[in-house]
There are 2 protein chains.
Amino acid sequence: MGITKTDAFTSNQNDMAALFKALAHPARIAIIEFLLKNEKCICGDIVDELPLAQATISQHLKELKNANFIKGTIEGTAICYCLNLDVLSVLNEKINSITNQLIVKNSSRCC
Amino acid sequence: MGITKTDAFTSNQNDMAALFKALAHPARIAIIEFLLKNEKCICGDIVDELPLAQATISQHLKELKNANFIKGTIEGTAICYCLNLDVLSVLNEKINSITNQLIVKNSSRCC
DNA sequence: TTTATATATTGCAATATTACGATTAATTAA
DNA sequence: TTAATTAATCGTAATATTGCAATATATAAA
């Protein structure tokens, strides 16, 4: 059906999936890497950097914004987008937690 | 177009996006959580646990397997699926790296 | 006010994903 | 061999995503 059975899963499972989904496209990874290495982080710069149309990049920025990975402030006609440390920290901790649980459990693994 | 411009991005960007994509569904998060807390990890058990049809779960398992998050060994008529620590560690390090870069940079942030 | 500049939104076509019933394949038990 | 069990694959319908041209919106400069 192409539709995810959201109701069938816990809100934590849905939230985690949404975080990963926001990062599940190379353009959005590229945007995050670009924001990491640049002080100035205006949409126009990203359009110059990536081989995608302005409308497409605006769409990817919107998805990253919806997932709270980035935040934008208006600077004249331009918009300054920056990474949001909070959400990245949350994601980091969740993956750390899974990896650590697995390391502990790994002595009694079945495969 | 619904098609991602894979050629336009670095292989590292594509690889990272693929890892995140494999985790971008609540059912696959649920499968990973299930494998984390259970010693026995056979497909049938997951079908009992999740409110999805066997064919659907098999598909999700295939995606996790393709991304190397899980590995399966044949046990009689059943298949024993387990988490692959290696890939989780790689993902963990990548996110750690991004988060740490951002923490260092955060003193001079623009937003 | 008019014009230029920068980003967002809309509409649409192409492709991908999700879900499931039905079937197939492979192994075990009888 | 036959029947039972388990997981993978196929076919298909419904929905989502990606990408872009065109347009809209909003601010700054002239």
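A note on names: the letters A, B, ... follow the listed sequences, proteins ahead of strands, and every chain is numbered from 1.
Per the geometry, CZ belonging to B:Phe20 stands 19 Å off C1' belonging to D:dT17, to the nearest Å. The separation between B:Asn66 atom CG and C:dA16 atom C1' is 15 Å, rounded to whole Å. Residue A:Glu75 contributes atom CD, which lies 13 Å from atom C1' of D:dT27 at whole-angstrom precision. Spacing between atom CG of A:Leu52 and atom C1' of C:dT7 amounts to 16 Å, rounded to whole angstrom units. The CG-C1' distance, from B:Leu50 to C:dT18, rounds to 14 Å in whole Å.
Between A:His60 and D:dT17, a side-chain N or O to OP1/OP2 separation shorter than 4.0 Å is absent. Applying the 4.0 Å criterion to OP1 and OP2 of D:dA16, one finds that A:Lys21 has every side-chain N and O outside that range.
Of the two residues contacting DNA chain D, namely A:Arg28 and A:Gly76, the nearest-nucleotide position lying further toward the 5' end is that of A:Arg28. Take the nearest nucleotide of DNA chain D for A:Ala24 and for A:Ile74: the residue whose nucleotide is more 5' is A:Ala24.
Within the 4.5 Å cutoff, the side chain of B:Ile42 has no heavy atoms near those of the B:Ile79 side chain. Two residues are said to be in side-chain contact when any heavy atoms from C-beta on lie closer than 4.5 Å; A:Ile98 and A:Met16 meet this criterion. Residues B:Ile29 and A:Phe9 have side chains not in contact (no heavy-atom distance under 4.5 Å, counting atoms from C-beta outward).
Across every non-hydrogen atom of A:Ile57 and A:Cys43, the tightest pair is CG2-SG, 4.3 Å. Summarising the geometry of B:Asn68 relative to B:Asn84, their closest heavy-atom pair is O-ND2, 3.0 Å, with the distance given to 0.1 Å. Nearest approach of A:Glu63 to A:Ala22, heavy atoms of both residues: O-CB, 4.4 Å.
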When you compare the protein's N or O atoms with those of nucleotides 4-9 of chain D, which come within less than 3.5 Å of each other, and at what distance?
residue	atom	partner	partner atom	Å
D:dA7	OP1	B:Cys43	N	3.2
D:dA7	OP1	B:Gly44	N	3.1
D:dA7	OP2	B:Gly44	N	2.9
D:dA8	OP1	B:Tyr81	OH	2.5
D:dA8	OP2	B:Ser58	OG	2.8
D:dA8	N7	B:Gln54	NE2	2.8
D:dA8	N6	B:Gln54	OE1	2.8

